[in-house]
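Report on the following structure.
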Amino acid sequence: MLRLWALSVGVIIAATAGASAQQSPVERGGYLVNGVGVCGNCHSPRGGDAKSFGGGSNVFNTPAYTVKGSNLTNHREAGIGKYSDAEFKTVFTTGKRPSGTQLAPNMPYNLYGILTARDQDAILAYLRSLPEVATPVDPPQYKAEIAPLQPYPPAAKQMTDADLNDPVKRGLYLASLGHCVACHSKPSGNGVDYVNGLGGGGRKFGPQQITAANITPKGLGHWTDAELKAMLTTGVSRDGRKLNAPMADFPAFYKSISDDDLGAIIAWMRSLPPLD
């Protein structure tokens, strides 16, 4: 019986790995972009088609810059069609445009260098496959020099496909694409404390100054995996309370994440050093 159980588990694992391997680059890219990446939240109109990627309607206005999410379709004038594959990947992972200008820090490019070469190709393949949208987005207005984002040390090195077999590493990988630490780590000056405040929360959002939650074991250790998965995919806390903005926007994207990948993200959160 034990041998039969072991064989069954092996068959399930092999089938899962086979299904992943058969996923086309466009399908894989769509899964990442429209799931944990929540890219449509900034790069598509709010309240519209989250998969249009013709540019965002939300304006990010600070003393240093005024920007909107850019058009990510392959339109040559309005979108990314003017970029070569290499140029797009450079912008995506370093925030540096071909002109040398730095993207505004709302784009968490400092977390995307962790992505495997295969997944960078897949994300670009998906974006290139989208219907072109000719609508131009208001160009960014930079009122001061934009400094590059500080590196997030765990995401500073590109992962390999083999790394993703480890649930905690895969959770870190997915959470980096989902830029979880950019919101849920403790703020430090004009940036984020990834060394001593990783996952500790405390960043404020909106006019109501909503505080990002502590996602380390100190903050979520008393939650079960099932409760966390339900909260992430429904937007309702275990006490029945609806999540506040901006987190309230994310379950619409997170509900497409596979159960295994949700489990990996939770495994990564449980691996973080506990912070008060």
Side-chain angles (χ1 to χ4, degrees), residues 20-45 49-56 67-140 142 146 148-149 151-152 154-164 169-170 172-179 182 253 256-257 261:
S20 177
Q22 291 170 12
Q23 198 174 37
S24 73
V26 170
E27 289 170 337
R28 172 66 176 173
Y31 172 75
L32 296 173
V33 166
N34 296 312
V36 69
V38 296
C39 304
N41 199 45
C42 287
H43 292 279
S44 295
D49 180 3
K51 297 182 182 180
S52 70
F53 296 101
V67 299
K68 286 184 176 181
S70 57
N71 183 330
L72 293 183
T73 73
N74 208 42
H75 194 276
R76 182 158 185 85
E77 286 74 38
I80 63 170
K82 57 185 173 292
Y83 291 131
S84 69
D85 288 3
E87 286 173 336
F88 176 84
K89 291 176 187 178
T90 297
V91 175
F92 182 59
T93 58
T94 70
K96 187 78 72 176
R97 295 178 186 272
S99 64
T101 58
Q102 196 73 38
L103 295 182
N106 299 76
M107 175 63 175
Y109 54 81
N110 60 325
L111 307 177
Y112 296 158
I114 196 173
L115 294 177
T116 65
R118 180 176 68 94
D119 278 347
Q120 288 187 30
D121 287 341
I123 288 170
L124 183 54
Y126 173 73
L127 296 178
R128 299 276 198 216
S129 77
L130 293 171
E132 294 184 13
V133 177
T135 306
V137 175
D138 295 336
Y142 297 119
I146 305 297
L149 286 172
Y152 170 47
K157 182 180 178 182
Q158 187 177 47
M159 278 195 181
T160 66
D161 290 335
D163 288 326
L164 303 187
K169 287 184 178 179
R170 189 166 82 255
L172 162 65
Y173 183 85
L174 294 166
S176 297
L177 177 59
H179 46 280
F253 299 90
S256 68
I257 303 175
D261 281 348

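This structure is a prediction, so every number in the text was calculated from the model and none was measured.
Remark: side-chain polar atoms of Asn34 are paired, donor with acceptor, to backbone N or O of Gly30 under 3.5 angstrom. Checking side-chain atoms of Glu77 against main-chain N and O of Ala134 turns up no donor-acceptor pair under 3.5 Å. Within the 3.5 Å criterion, the main-chain N or O of Ile80 finds a donor-acceptor partner in the side chain of Arg128. Distance alone, capped at 3.5 Å, is enough to place a donor-acceptor pair between the Asn71 side chain and the Thr135 backbone. Side chain of Thr73 to main chain of Glu132: no donor-acceptor pair is present (N/O by atom type, distance under 3.5 Å, no hydrogens or angles). Tyr173 places no side-chain N or O within 3.5 Å of a backbone atom of Asp163 that could act as its donor or acceptor partner. Judged by distance alone, with hydrogens and angles left aside, the side-chain atoms of Gln102 form a donor-acceptor pair with the main-chain N or O of Thr94 at under 3.5 Å. Although no hydrogens or angles enter the test, the distance criterion places no donor-acceptor pair under 3.5 Å between the side chain of Asn74 and the main chain of Gly79. Formation of a donor-acceptor pair under 3.5 Å by the Arg28 side chain with backbone atoms of Gln23 is not found in this model. Of the possible polar contacts, one joining the Gln158 side chain to the Leu115 backbone as a donor-acceptor pair under 3.5 Å is found.
Partners of Leu130 according to the side chain to side chain contact (heavy atoms under 4.5 Å, CB included) rule, which considers only residues two or more places apart in sequence or in another chain, are Phe53, Tyr126, Leu127.
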Assess whether side chain to side chain contact (heavy atoms under 4.5 Å, CB included) is satisfied between Val36 and Phe253, documenting all intermediate values.
-> CA-CA 7 Å; Val36 69; Phe253 299 90; over 6 Å; no
Are Val33 and Lys51 close enough, and set up right, to give a side chain to side chain contact (heavy atoms under 4.5 Å, CB included), and what steps lead you there?
-> CA-CA 9 Å; Val33 166; Lys51 297 182 182 180; over 6 Å; no
For Thr93 and Gln120, run side chain to side chain contact (heavy atoms under 4.5 Å, CB included): C-alpha distance rounded to whole Å, both residues' side-chain angles, the deciding distance at 0.1 Å, then the answer.
-> CA-CA 9 Å; Thr93 58; Gln120 288 187 30; 3.9 Å; yes
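In this structure, a donor-acceptor pair under 3.5 Å is absent between the side chains of Tyr112 and Asp119.
To the nearest 0.5 angstrom, Ile123 atom CD1 is 5.5 Å from Leu177 atom CG. Taking OG1 from Thr116 and CG from Leu164, the interatomic distance works out to 6.0 Å, rounded to the nearest 0.5 Å. Taking OG of Ser129 as the start and CD of Glu27 as the end, the distance is 10.5 Å to the nearest 0.5 Å. Note that the OH atom of Tyr152 and the CG atom of Leu172 stand 5.0 Å from one another [nearest 0.5 Å]. Atoms CD1 and CG, on Ile257 and Leu174 in that order, are 7.0 Å from each other to the nearest 0.5 Å. Considering CG of Asp85 and CG of Leu124, their distance stands at 4.5 Å, rounded to 0.5 Å.
Ion pairing between a basic and an acidic side chain is recognised when a charged N comes within 4.0 Å of a carboxylate O; Lys89 and Asp121 show such pairing.
The shortest non-hydrogen separation linking Leu149 to Pro105 is CD2-CB, 3.4 Å. The two residues Ala125 and Val26 make their nearest non-hydrogen contact at O-CG2, 3.9 Å. In this structure, Val133 and Ser52 approach most closely via the heavy-atom pair CG2-O, 4.0 Å. Scanning all heavy atoms of the two residues, the minimum distance from Gly69 to Val137 falls at O-CG1, 3.7 Å.
The shortest side-chain heavy-atom distance between Arg118 and Asp161 falls under the 4.5 Å cut-off. Two residues are said to be in side-chain contact when any heavy atoms from C-beta on lie closer than 4.5 Å; Ser70 and His43 meet this criterion. With a 4.5 Å cut-off on side-chain heavy atoms, Lys96 and Tyr109 do not count as touching. Between Asn110 and Pro151, the closest side-chain pair of non-hydrogen atoms is not below 4.5 Å. Between Tyr83 and Arg76 the shortest side-chain heavy-atom distance does not fall below 4.5 Å. Contact check for Ser176 versus Pro154: no side-chain heavy atoms found under the 4.5 Å cut-off.
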